[in-house]
Structures are given as structure tokens and as C-alpha cells.
Amino acid sequence: MNIGKIPLAQGVDRVVDWLTDALGPFFNFISTFVQSIIDTSVDVLGFGPPIVLILLLTLLAFYTNKWPLALFTFIGLLLIDNLGYWDAMIQTLALVLASVLITVILGIPLGILASQSKWLRNILMPILDFMQTMPGFVYLIPAILFFGIGVVPGIVASVIFAIAPAIRMTSLGIQEVPKDLIEASDAFGSTRGQKIMKVQLPLAMPTIMAGINQSIMLSLSMVVMASLVGAPGLGAEVYRAVSQIKVGEGFEAGLAIVIIAIILDRISQKLRTPAFESIVKGKWIYSLVIVLFLGGYTVTSLLNAELKGSENASIGAQVDYKIVGIDPGSGVMSRTQEAMDQYGLSDDWTLQEGSSAAMGAELKKAYDRKEPIVITGWTPHWMFGKFDLKYLDDPKGVYGESEDIHTLVRKGLKEDLPGAEKVLNQFYWETSDMESVMKDIEEGMGSKEAAIKWIEANKSKVDQWVNDAEKGNGENITLVYVAWESEVASTNVIAEVLRMQGYEPVLRQVEIGPMYAAIASGKADAMVAAWLPTTSKAYYDKYKEDFVDLGPNLKGTRLGLVVPAYVEIDSIEDLRVE
Ligand code: PBE
């Protein structure tokens, strides 16, 4: 029986497209709202020197859990500051606090409702199971379309991921309240509302707090994932370390996350029964914390208002002084850091990390609304065919001249698979070729299908690549690549050509550092993604003794800062804040 593949993915895409259009203003509202919670939290937590927050948190830890946790908090936070992760830690803390706040606001009422009705529970529980089991990653994709990149989609994804225990435990806690107590309160003639607020909720508190504790831990576990869509913080530090294979820094950032996790976990477990409850009542302490927070908020927002007043609507102000970037390890990102230094932008501008797919989505969104945006761009890329864009002039030449893309293979490939090595060596095409494959993929064709389509339309070119090359016999050949659109295109094309030659290509998508390391260590056979001499220089130089460079497969690439043509500036110098 052949009923064909059910178009599930297409269906989901349609729904998401429709939602993006229909609920655009609503998503914008949510986005602004969540962003303001985050900005406020970051401002307040980062107010004053680190030692102020360190002491306050130490006191709180002392109050709830006595001196061992207080000592741990004090030393742990000092260590984070000393290692240079203070600002990142603040960002992470703000992300977790915001997502827990939203989780509680939505989760507890839902939990109460669920506890009151069996059929609601029957509907809700499987949905919660589903939400919690679906890999958190998946939520990031629609979240980018709805909320753009940055911290907001990260928070939304972590709320979806972390809300289940809050709802479940609230409902469970209320259901577990002993029957006789309910009967007693019925006998006293209490209304349903009184019963919930005065009897059930207080008795369910331990269970509810356990649920909130779980939610905190789950949202903390989302911080690394959130960094893939541009959320700053400790997660972004970990992600950066992975993509550049920096073991030590990865460990430091990971350790900072562990320290924060322990502190938040222990404090939140004891919030209801703090160690010194008998000396000072919890409600006084927590009110004090809230008053401090609100006080901090008032002061920082007054300060901010003063700053804002002196700004005009420069391009910088319009884009919030953000350059939308891609994965942290890539060459265009390190060039952009350098450009920001050389053009004096580093103090005012931030370079947002993420992925090239997320950047593409952000560009598309801004372009559709004719809003300004500044991105890290490169050619060949489908975006130049689809949108009217321009490179900003780079009078200091930070982004370098036009470059070539080289094919690199592991040592010994020529001896082991001479036919495959020959094809890789003879692989050479033009910018327009690569762009036509990229365009098909962008428009929804599978990358393999797009590659085959190009190969069929360009037989004579492919014939030159396979000329004189020995055929394979089903041998595996492992190709590594990074998910940049240009590399997705080239890697799939060469893979399909190798398949036609009788080899069995295995494609592995990795981060940039691991891509070079894999070839240098012989764990992978080839890559077609080395942008040289400047873009990938750091990785090339690090491993150059350990691979074979087969020379260019494409000439004439370019990198730089890119804006839509309707943005009225022409040079990187115009970004400077006077
Ligand atoms: N890119 C695409 C990569 C190389 C290929 C320009 C994003 C980089 O910046 O490293």
C-alpha cells in the first residue's frame, strides 16, 4: 500500500505562517513586555558593584539555609566574578527569574483549575507530557518567527518547557488535601473560593513549592539552548566555547551555571520553611526583597529615562545598538568584533550571537516591515537574490579583500580513496552555481534534492570534476560542515556527486572548531568550507600541519556588515555614536 508521506511538516509550517501573520501585533506586545521584564531585571541586578548583590544573596541564603549555603553563595559568586562571568551571570539570572515569574503567573492558576475538574485534567495532562517531552530545541524554531531573536524566544521556549511541573504539582497538591478537612470547611459554610484560598492552597504549598523548584531547574537547563537564538548569558559562553573548542572556558562557564543552580535550588527549596523563620518571619524578608527590587527598578528607570532623552532617532537607536550576528566561532563574527573596535563602536553597540538561520529569519522579518536592521553578511548568499541589500563601506579594510573557499581533506585520504580524493580535488564552481542551490533550499526544497537538481542541470561541470577518477565501491566518506547556507549547499552537491561515483557519503553537521578538528584528527575525510586567507585563519593556522589543502573550490567571496538598501547609511563609520 502506498499512501505517500503525510504532509505533517508542511501542515505545521502553514499553521505557524498563519499565526505569524494573524497574531503579529500580539506577539510584538508579548515580546516588548517580556523584554522589559528582562531589561529591568538586568538593570536592577547589575546595579552597583558585584559585591552588593553578592552580600544580599549571601544574606538571603543565610536566612533560608543557615551558614553552609551562605558560605557557598559568597565564595561561589566571588569566584564567578573573579573568572569574569559576572555580567553573563546577571543575564542568566534575569532569564531564569523572568521565566519562573511567567511560569508561576500562568502555572498556578492553571493548576488550581485543573484540580477542580477531572475532565480538564484529562485534557491537560497529556498535553503537559507532550510539552515536556518534545525536545526544547524544537520550540525555538517557531519562537524565532514569532518573537525574533534575542532573549525573548529563549524565555518563551523555557516557559513552555518548564511550566509542566508547576501546573502538575499545584493540581496534585490541592487534590491531596485530606477529605475531612474539606468536609470541615464545607460544614462551616465556606464558599468554593474561600475553600481554595484558605484551606486547599495553604495545605498544598509544600507540593506547589516543589513544583516551582523543578520549574526553576528546568528553565536553568534551557539557558544553553536559548543562546542558540541569541540569548546572552552563561549559556552563550558555553556555546561559544563549544564552537571554538575552548575546553577551559567551557568548563568555567559550565561551573558558573552549576554554582547558580545550586544556590537557586537550595534557596527555593527552603523559601517556605526558612531556617530563621522563628526569628524573622518570611513574609518580612520577602517583602523586603521585593521592596529592594522595586526601589532598584525606580532608580534605574529614572536613570535610563535621562539617558534616552538625549538620544535622537539615529540608526543605532532604531536597532537598539544591535548588530545581528551568527554562530560565535565563525570568521565573520571575529571580523565584526575587530571592526567594532577599530571603528569605535564597541562601547555603544553589541554584537548579537545566534545562528545564520536565526539571522536570516530576523532579516526577513525586518525587511517585510521595512524596519532597519544591521547584520553580519557574506556572499555567496541567497539573501542578496531575495532582498535589496547593501554592504556598508569598510574604509579601514577590516573585512579584508575578496577570498576563496578551499577544500581540505584528512591526511592519507589520497592513499585510501584515490578516486574520491580526485573528485574533491577537481571540485570547482562559481558563485552563481552555489547561489542557485542555496535559493532552491531557501524556497523549501530539501538540500539533497536541490543538489541533485543542480547536478542534473550542470552535467558538463560535474563531468570535469569526476574526470579520470576511479569509481568507488560503496566506501563511506565522511564530510563535515557547519550549517551556514553556503556550506549546506556545497557539501550536499559534492556529497551527491560522490554518491554517483559509487561512494557512500556521510554528512556530519558540526560547529566550526570541531569541523577543523575532525579533519585534522582524521575522524572525518573532507570539508569544502575553508574561507581563506582571512575568515577561517584562526582555525586553519591551528591545524594546518595536520590536513591537506586541495586549494579553492570557489573564488571571490566577500564578508561585511550588511543593511537593507532602504537604510540611509553607507559606511560602517556612520554607525558611530557621536
Ligand atoms: N561564513 C560562511 C563563515 C564562513 C562561511 C562567512 C558565515 C564564517 O564567517 O566563518
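Indexing begins at 1, ligand by ligand and atom by atom, following the structure's order.
- When non-hydrogen atoms are compared, ligand 1 lies under 4.0 Å from the side chain of Thr535 (C-beta onward) but not from its backbone.
- For Ile326, no nitrogen or oxygen atom sits less than 3.5 Å from a nitrogen or oxygen atom of ligand 1, counting backbone and side chain alike.
- In this structure, Thr376 and Val562 have side chains that are not in contact, with every pair of non-hydrogen atoms separated by 4.5 Å or more.
- Note on ring orientation: taking the six-membered ring where Trp is involved, the planes of Tyr516 and Tyr539 are parallel (angle under 30°, cut-offs 30° and 60°).
- The shortest heavy-atom distance from Glu487 to ligand 1 is under 4.0 Å.
- Distance from atom 9 (O) of ligand 1 to its nearest protein heavy atom, with residue and atom name: Val332 N, 2.8 Å.
- A salt bridge links Lys439 with Glu443; the closest basic N to acidic carboxylate O contact falls under 4.0 Å.
- Regarding atom 8 (C) of ligand 1, its nearest protein heavy-atom neighbour is Gly331 N, 3.3 Å.
- Relative ring orientation between Phe27 and Phe146 is described as parallel, the plane-to-plane angle staying below 30° on a 0-90° scale split at 30° and 60°.
- For ligand 1, the atoms lying closer than 4.0 Å to a non-hydrogen atom of Trp531 are 2 (C), 4 (C), 5 (C), 6 (C).
- Atoms of ligand 1 found under 4.0 Å from any heavy atom of Leu559 (numbered from 1 in listed order, with element): 6 (C).
- Both the sub-6.0 Å distance and the 45° axial angle are satisfied by Arg558 relative to the ring of Tyr391.
- Classification of the Trp429-Phe427 ring pair by plane angle, with boundaries at 30° and 60°, yields tilted.
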